[in-house]
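Each remark here refers to the structure printed beneath this line.
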Amino acid sequence: MAFTNRLRGFIAIGLLPALTVYLVFVIIPIVWSAYYGFFDWKGIGAASFLGFDNYAEALQDPVFWRALKNNMIIVVASILGQLPIALLLSMILRKSTRFHRFVRSAVFMPMVVSTVVIGLIWGYIYHPQIGILNVLLESMGLGSWIRDWLGDPGINMYSVSAPVIWANIGPYLIIFLSAIQNIPSEIEEAAKIDGAVKGKWLYLIVIPMIWDTIKVAIVLCISGSLKAFDLIFVMTGGGPAQSTELLATYMYNNTFEIFRYGYGSAVSTLIIIISMILVLGSQLLMRKRGME
Amino acid sequence: MKTIATGSLTERPAERQARTLKFSGAWILNPVLLIYALLTLYPLLWLFISSFKSNQDFFGSPFALPSEWQFSNYTRAWEIGGIGSAFLNSVIVSVCSLALTLFLGTLTAFIVSRLQFRLKGVVMMLFVLGMLIPIHSTLVPLFILMKNIGILDTYASLILPYTAFELPVAIFVVAAYLTAFPKELEEAAMIDGNGYWGIFFRIIVPLAVPAMATVSILGFLRFWNDFAFALVFINDQALKTLPLSLSLFSDGYGTDYSLTMAAMSIAVIPTIIIYLLFQNSIMKGMVAGAVKG
């Protein structure tokens, strides 16, 4: 029938440009990255086949594992820092008064600011000589607390976690707010009449009722930690002495600083595999817990 | 909630207790909330205040207001710092990416949400997959790919990947919106003598405007603020976007803090204006995009 042929023609022509752009710039790079990972290649000249050597080298490199550990620190800091604050705020900020909307807007504001700017601002806050954090501590008589927040390997992962937490509470607040609004109001009324105090109400009713939303938030925290690249790249570049290296900065430094394209590709592939394992693993764990 | 707030003589003891609890709670809570909000905003306020200071002022009294407001920091950053050209590059790249994302995304959303075909499931699955991929893991292969096809260090090296990575969100937002309309829409338009392209341009696009607006705001913020792609794919000084110039600028002009602060403010002000204008749709859209991602 001419009609269906016209429909088919339209669908084919209509989908072609979007699919082409998408396949070429999103899907094919992933497949290629796994393939390039098998080669020793400096970006110019011939590439020599290595088999799994790049992958094995990455897995044996202590810096790779430190980077993975640092990524996990960001995950834990996000889950323990962002989610409880967002949950508490969402309980308090349910009404749509002008004041509550102002607080919500303020909490969300860092989300629209470039991570480069956030990284630079926090770089000034933490600066060992001119940083306003140290100036503030000094003026409060806490001079003994003064330190090189980004330079001291013992604490700098925690220092860089603070802006990650600060900048990303907003979306979780809004997610939790909309989940709480979906709890039937009768349940809240019943709890009030039974004399449930706020804390109990949160623990016994809100958390179980929005558990699915919390699970989504945890998955977002995990995948978000892999995106912390920009912020930490601007603040420390992974240093000093690779103490704040993340998987993504490790990949970047190996590829674009010392031009090991094959190795960088192998690390990219490992990042995809690790993020899939983390997301699927966390889903499975929480599903099990939910059934018990 | 409202009945409790207004109060009545017949309220039960538990209700009265709840009311006093809430009343006394607000006294403590609101100041705490206010302090929390101000602490959250402080780094940004500090940035704007510092951008009007002289360098001595910046070092001497980091917390105070400027002793003299140096508006010239902005003109100096714009001219000497090359922030003007970076601003222009950011506008070009963001606008082109946005136009391409809107056209391709809306067209694809129309096809997958309102037309029937065999491979629909496969196409949808492909686009869902894209939202699970950590963007940074594609930097190396994309760099090699663009080097091979010769578009590295051009506007296209940003516009095409930005569009590609924004397409899944655009498609899902617009498709979700379009499914709400009655099925007979296309048939009626067909009887009026429209072909499929006619239906798309004359009926679907005007209908989808609200969804496209959400996609535009989110896309703009993402394109305007992107750092990783610009860092890897752009090397030419003349093509650098704002976030990229800022990161290098702060190295090169490391000691001229007032200049750096003014440059950062120039980068941030457009997004804050857009945020203040479209707050609600940004919040909702970002969450929708994030949840699906």
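To find a chain, count down the sequence lines: A is the first, B the second, and so on, and within it residues start at 1.
Residues F278(B) and V112(A) form no side-chain contact, since every pair of their non-hydrogen atoms from C-beta on lies 4.5 Å or further apart. For the pair I272(B)/M109(A), a side-chain contact is recorded, criterion being any heavy-atom separation below 4.5 Å from C-beta on. You'll find the side chain of L7(A) reaches within 4.5 Å of the side chain of Y196(B), heavy atoms only. By the 4.5 Å heavy-atom criterion applied to side chains, F25(A) and M146(B) are counted as neighbours. I121(A) has its side chain within reach of M264(B): a pair of non-hydrogen atoms, C-beta onward, lies under 4.5 Å apart. Residues L41(B) and F102(A) have side chains in contact (heavy-atom distance under 4.5 Å, counting atoms from C-beta outward). By the 4.5 Å heavy-atom criterion applied to side chains, T115(A) and N225(B) are not counted as neighbours.
Atom CG of L16(A) sits about 10.5 Å away from atom OG1 of T108(B), to the nearest 0.5 Å. Here the straight-line distance linking atom CD1 of I133(B) with atom CE of M276(A) works out to 6.0 Å at 0.5 Å rounding. With rounding to the nearest 0.5 Å, the separation of CD1 in I135(B) from OG in S223(A) is 11.5 Å. One finds the CG atom of L47(B) at 9.5 Å from the CG atom of L120(A) (value rounded to the nearest 0.5 Å). For the atom pair CD1 of I175(A) and CE of M283(B), the computed distance is 12.5 Å after rounding to the nearest 0.5 Å. Rounding to the nearest 0.5 Å gives a distance of 4.5 Å between CZ of F99(A) and CG of N30(B).
Of the listed residues L145(B), L221(B), L246(B), V112(B), the one with more heavy-atom pairs under 4.5 angstrom with chain A than any other is L145(B). In terms of non-hydrogen atom pairs under 4.5 Å with chain A, the most contact-rich of S50(B), G105(B), G130(B) is G130(B). When the candidates V279(A), L136(A), I125(A) are compared by the number of heavy-atom contacts under 4.5 Å with chain B, L136(A) comes out ahead. For chain B, the option among L93(A), I118(A), I272(A) with the highest count of heavy-atom pairs below 4.5 Å is I272(A). The candidate with the highest count of non-hydrogen atom pairs below 4.5 Å against chain A, out of S265(B), P168(B), A263(B), A267(B), is P168(B). If you tally non-hydrogen atom pairs under 4.5 Å between each of F127(B), F58(B), F117(B) and chain A, the highest count goes to F127(B). Heavy-atom pairs under 4.5 Å with chain B peak, among Y35(A), W166(A), W122(A), at W166(A). Interface remark: of the candidates V117(A), T255(A), I132(A), I132(A) forms the most heavy-atom pairs closer than 4.5 Å to chain B.
Contact detail for F256(A) and L139(B): the closest heavy-atom pair is CZ-O, 4.3 Å. I111(B) and L15(A) get closest at one heavy-atom pair: CD1-N, 3.8 Å. Between G14(A) and L107(B), the closest heavy-atom pair is O-CD2, 3.4 Å. The two residues P141(B) and W32(A) make their nearest non-hydrogen contact at CB-CB, 4.4 Å. Considering all non-hydrogen atoms of both residues, R6(A) and G195(B) come closest at NH2-CA, 3.2 Å. When all heavy atoms of P29(A) and L142(B) are compared, the pair lying nearest together is CG-CD2, 3.8 Å.
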Inset, instruction - Test side-chain contact (heavy atoms from CB on, under 4.5 Å) on W41(A) and I144(B) and set out the steps. - result: CA-CA 11 Å; W41(A) 192 42; I144(B) 298 170; 3.5 Å; yes

Legend entry - Residues V26(A), T138(B); criterion side-chain contact (heavy atoms from CB on, under 4.5 Å); working and verdict: CA-CA 7 Å; V26(A) 179; T138(B) 59; 5.7 Å; no

Inset, instruction - May I have the step-by-step check of side-chain contact (heavy atoms from CB on, under 4.5 Å) for L89(A) and L33(B), ending in yes or no? - result: CA-CA 9 Å; L89(A) 284 174; L33(B) 281 177; 3.6 Å; yes

Legend entry - Chi angles and distances behind the side-chain contact (heavy atoms from CB on, under 4.5 Å) call for Y252(A), L231(B): CA-CA 10 Å; Y252(A) 178 88; L231(B) 173 72; 3.5 Å; yes

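Checking side-chain atoms of D230(A) against main-chain N and O of D226(B) turns up no donor-acceptor pair under 3.5 Å. The main-chain N or O of I271(A) is never found under 3.5 Å from a side-chain atom of S137(B) such that the two would form a donor-acceptor pair. Side-chain N or O atoms of Y22(A) include one that pairs as donor or acceptor with a backbone N or O of L126(B) at under 3.5 Å.
Heavy atoms closer than 4.5 Å to chain B are found in the side chain of S275(A), but not in its backbone. Heavy-atom distances place no part of L242(B) under 4.5 Å from chain A, backbone and side chain included. There is no contact between L247(A) and chain B, counting heavy-atom distances below 4.5 Å. Looking at V107(A), both its backbone and its side chain come within 4.5 Å of chain B, counting heavy atoms on both sides. For N148(B), the part sitting under 4.5 Å from any heavy atom of chain A is the side chain, from C-beta outward, and nothing else. Contacts between Y172(A) and chain B at a heavy-atom distance below 4.5 Å are absent for every atom of the residue. Residue L129(B) touches chain A through both its backbone and its side chain, counting heavy-atom pairs closer than 4.5 Å. Residue contact with chain B, scored on non-hydrogen atoms closer than 4.5 Å, involves the side chain of L23(A) exclusively. Heavy atoms closer than 4.5 Å to chain B are found nowhere in V267(A), neither backbone nor side chain. Proximity to chain B involves both the backbone and the side chain of Y261(A), based on heavy atoms less than 4.5 angstrom apart.
The aromatic rings of Y124(A) and Y257(B) sit perpendicular to each other, their planes meeting at more than 60°, with 30° as the lower class boundary. Taking the six-membered ring where the residue is Trp, F10(A) and W197(B) present perpendicular rings, their angle passing 60° and hence far from 30°. Aromatic ring pairs are classed by plane angle as parallel below 30°, tilted from 30° to 60° and perpendicular above 60°; the pair F108(A) and Y275(B) is parallel.
Within 6.0 Å of CZ in F63(B) there are more than 12 heavy atoms belonging to other residues, nucleotides or ligands.
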